[in-house]
Amino acid sequence: MARRITLPILMRCLQTQSPPTNSLLSIPSRSITYMPRPGDGDTRTVTLIPGDGIGPLVTGAVEQVMEAMHAPVCFERYEVYGNMKSVPAEVIESIRRNKVCIKGGLSTPVGGGVSSLNVQLRKDLDIYASLVHCFNMEGLPTKHQNVDIVVVRENTEGEYSGLEHEVVPGVVESLKVITKFCSERIAQYAFEYAYLNNRKKVTAVHKANIMKLADGLFLESCREVAKSYPAIEYSEIIVDNCCMQLVSKPEQFDVMVTPNLYGNLVANTAAGIAGGTGLMPGGNVGGEHAIFEQGATAGNVGNEKILEQKKANPVALLLSSAMMLRHLQFPSFADRLETAVKHVISEGRHFTKDLGGDSTTQEVVDAVIANLE
């Protein structure tokens with residue numbers, strides 16, 4: 001049964017914002033005029049799946065911040081766990097109806113047990129594009145600077161097709177499926193994203209030197225789409241070289257488009273380089289529906305110790321919820337949330353354990369709320 005949590009509507013057409021400077025803490029304010037369409041301030045219902053492990057902690061953080069901002073969002077909550085045989089039909093129906101979902105991590109058994117519910121959601125709703133934004137944050141020291149990478153990953157086929165069987169005892173066959181249709185639409189999404197966000201370069205990640213037909217088809221599709229975007233530089237890189245280049249010179253990458261498995265590896269690597277998986281936002285989108293969650297999958301369920309101490313890092317999901325607000329066409333709320341989160345990171349006083357601090361999830365949430373303009 002869904003539990004609906006309704007937050008009050010705050011009609012805001014003008015929002016005081018802070019332009020980027022060298023210091024986030026001493027910025028003169030300026031006015032940004034956003035002209036909404038009639039009805040844009042209506043409350044939007046979003047499906048909420050707290051998930052496993054630290055999921056309820058970090059989704060709870062999102063609920064608190066949305067309430068503090070008086071964001072025009074209400075949630076339909078469904079309890080879904082990774083050990084279920086499948087995602088309940090009422091949850092799928094809720095996402096189909098609401099078009100948007102935000103979720104915590106769902107654990108997947110290793111080497112047996114039930115199939116991944118994350119994969120089921122993507123396939124059932126044809127949410128074919130995963131986007132993870134990995135970038136440096138002021139106030140958080142990292143080995144590499146000027147990292148600002150967007151990984152666009154195909155979400156529905158490849159090694160994640162789930163087509164495995166035992167041919168004879170001791171011999172297992174796992175099929176990797178690549179289609180021209182799915183390859184073209186993920187390439188189109190990557191180039192369209194780059195065009196709309198003033199990105200200069202798209203890099204296709206592949207292993208076509210070995211998988212000549214499968215990854216060859218992926219590359220062929222990317223090359224065809226690239227012809228329609230002559231102002232955007234296009235390049236290709238073999239996945240093993242890509243990993244080496246990421247850890248040695250990550251600032252060379254801009255937008256990266258990948259088949260399913262490579263994208264998971266590349267996104268988690270880039271997240272670790274940029275500051276940690278607890279910081280990087282992400283979302284999954286298709287033609288009709290979108291699901292927002294922590295960008296990098298590593299650590300999105302956490303461990304028992306973090307859960308007991310209530311010290312999970314909520315930043316990744318808070319920034320993912322800012323992506324969700326933009327998707328819902330509430331840009332001023334998204335700007336306020338992002339600015340508050342960046343202030344907290346820049347101050348360096350409220351870091352969870354993964355960032356070298358000792359703050360609890362609630363202390364980080366309180367700091368973000370205190371910095372909301």
Side-chain angles (χ1 to χ4, degrees), residues 3 5 7 46-69 71 73 75-82 91 100-108 117-118 121 130-134 137 140 267-268 271-272 274-284 290-325 327 333-334 337-338 340-342 344-345 350-355 357-372:
R3 178 165 67 87
I5 310 162
L7 307 182
V46 173
T47 304
L48 173 67
I49 301 174
D52 294 308
I54 65 171
L57 269 178
V58 293
T59 55
V62 171
E63 291 179 278
Q64 290 183 61
V65 173
M66 292 293 166
E67 184 171 12
M69 289 198 300
V73 174
F75 294 106
E76 283 183 357
R77 176 192 290 264
Y78 289 90
E79 301 301 330
V80 180
Y81 304 104
V91 179
V100 177
C101 170
I102 190 162
K103 63 182 281 292
L106 291 173
S107 61
T108 301
L117 300 190
N118 297 299
L121 282 170
S130 165
L131 186 148
V132 181
H133 189 188
C134 303
M137 288 190 182
L140 187 66
N268 280 277
T277 58
L279 296 174
M280 305 306 156
N284 306 272
I291 296 178
F292 295 88
E293 58 188 333
Q294 179 175 314
T297 56
N300 68 345
V301 175
N303 58 50
E304 288 298 323
K305 188 173 182 180
I306 292 176
L307 186 58
E308 289 172 5
Q309 296 177 341
K310 299 186 185 303
K311 291 184 177 180
N313 192 343
V315 169
L317 199 64
L318 287 174
L319 291 176
S320 298
S321 69
M323 291 174 60
M324 179 192 75
L325 288 169
H327 181 79
F333 289 95
L337 176 50
E338 279 192 357
V341 170
K342 289 177 180 178
V344 171
I345 298 297
H350 296 92
F351 283 174
T352 46
K353 189 174 182 179
D354 59 312
L355 302 182
D358 197 43
S359 295
T360 64
T361 304
Q362 190 59 52
E363 287 169 343
V364 176
V365 173
D366 292 341
V368 169
I369 291 174
N371 279 278
L372 288 170

Can you check side chain to side chain contact (heavy atoms under 4.5 Å, CB included) on Met323 and Leu131, steps first, answer last? CA-CA 11 Å; Met323 291 174 60; Leu131 186 148; 4.0 Å; yes

Dump the intermediate steps for side chain to side chain contact (heavy atoms under 4.5 Å, CB included) on Asp354 and Leu279, then the final yes or no. CA-CA 10 Å; Asp354 59 312; Leu279 296 174; 5.6 Å; no

Please evaluate residues Ile306 and Leu57 with respect to the criterion side chain to side chain contact (heavy atoms under 4.5 Å, CB included), reporting the C-alpha separation (whole Å), side-chain torsions for both, the decisive distance (0.1 Å), and the verdict. CA-CA 10 Å; Ile306 292 176; Leu57 269 178; 5.8 Å; no

Going through the checks in order, is the side chain to side chain contact (heavy atoms under 4.5 Å, CB included) test met by Phe292 and Val100? CA-CA 8 Å; Phe292 295 88; Val100 177; 4.0 Å; yes

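Counting only heavy atoms from C-beta outward, the side chains of Val368 and Gln64 never approach each other to under 4.5 Å. Using a 4.5 Å heavy-atom cutoff, the side chains of His133 and Leu319 are not in contact. Using a 4.5 Å cut-off on side-chain heavy atoms (C-beta onward), Ser321 and Val65 make no contact. The side-chain heavy atoms of Pro50 and Arg77, taken from C-beta on, include a pair separated by under 4.5 Å. At least one side-chain heavy atom of Lys103 sits less than 4.5 Å from a side-chain heavy atom of Asn118. Residues Gln294 and Val58 have side chains not in contact (no heavy-atom distance under 4.5 Å, counting atoms from C-beta outward).
Although no hydrogens or angles enter the test, the distance criterion places no donor-acceptor pair under 3.5 Å between the side chain of Thr47 and the main chain of Glu76. Not a single donor-acceptor pair under 3.5 Å links the side chain of Thr360 to the backbone N or O of Lys310.
Nearest heavy-atom pair across Ala61 and Val365 is CB-CG2, 3.3 Å. The nearest pair of heavy atoms linking Ala322 to Ala334 is O-CB, 3.4 Å. In terms of heavy-atom proximity, Ser130 sits nearest to Asn284 at CB-OD1, 3.4 Å. Heavy-atom minimum distance, Ala312 versus Thr361: O-OG1, 2.6 Å. Summarising the geometry of Cys101 relative to Ile49, their closest heavy-atom pair is SG-CD1, 3.9 Å, with the distance given to 0.1 Å. Looking at every heavy atom in both residues, Met66 comes nearest to Phe75 through CG-CZ, 4.1 Å.
Note: His327 NE2 to Ile102 CD1 = 12.0 Å, rounded to the nearest 0.5 Å. Atom CD of Glu79 sits about 10.0 Å away from atom CG of Asp52, to the nearest 0.5 Å. One distance of note links CG of Leu318 with CE of Met324; it measures 10.5 Å at 0.5 Å rounding. The line from CD1 of Ile369 to CG of Leu372 is 6.5 Å long, rounded to the nearest 0.5 Å. To the nearest 0.5 Å, the span separating CG on Leu48 from OG1 on Thr59 amounts to 5.0 Å. The CZ atom of Phe351 sits 9.5 Å away from the CG atom of Asn313 when rounded to the nearest 0.5 Å.
Applying the side-chain hydrogen bond (donor to acceptor under 3.5 Å, both in side chains) test between Asp358 and each of Lys353, Gln309, Lys311 identifies Lys311 as the sole match.
A donor atom on one side chain and an acceptor atom on the other are not found under 3.5 Å apart for Asn268 and Thr277.
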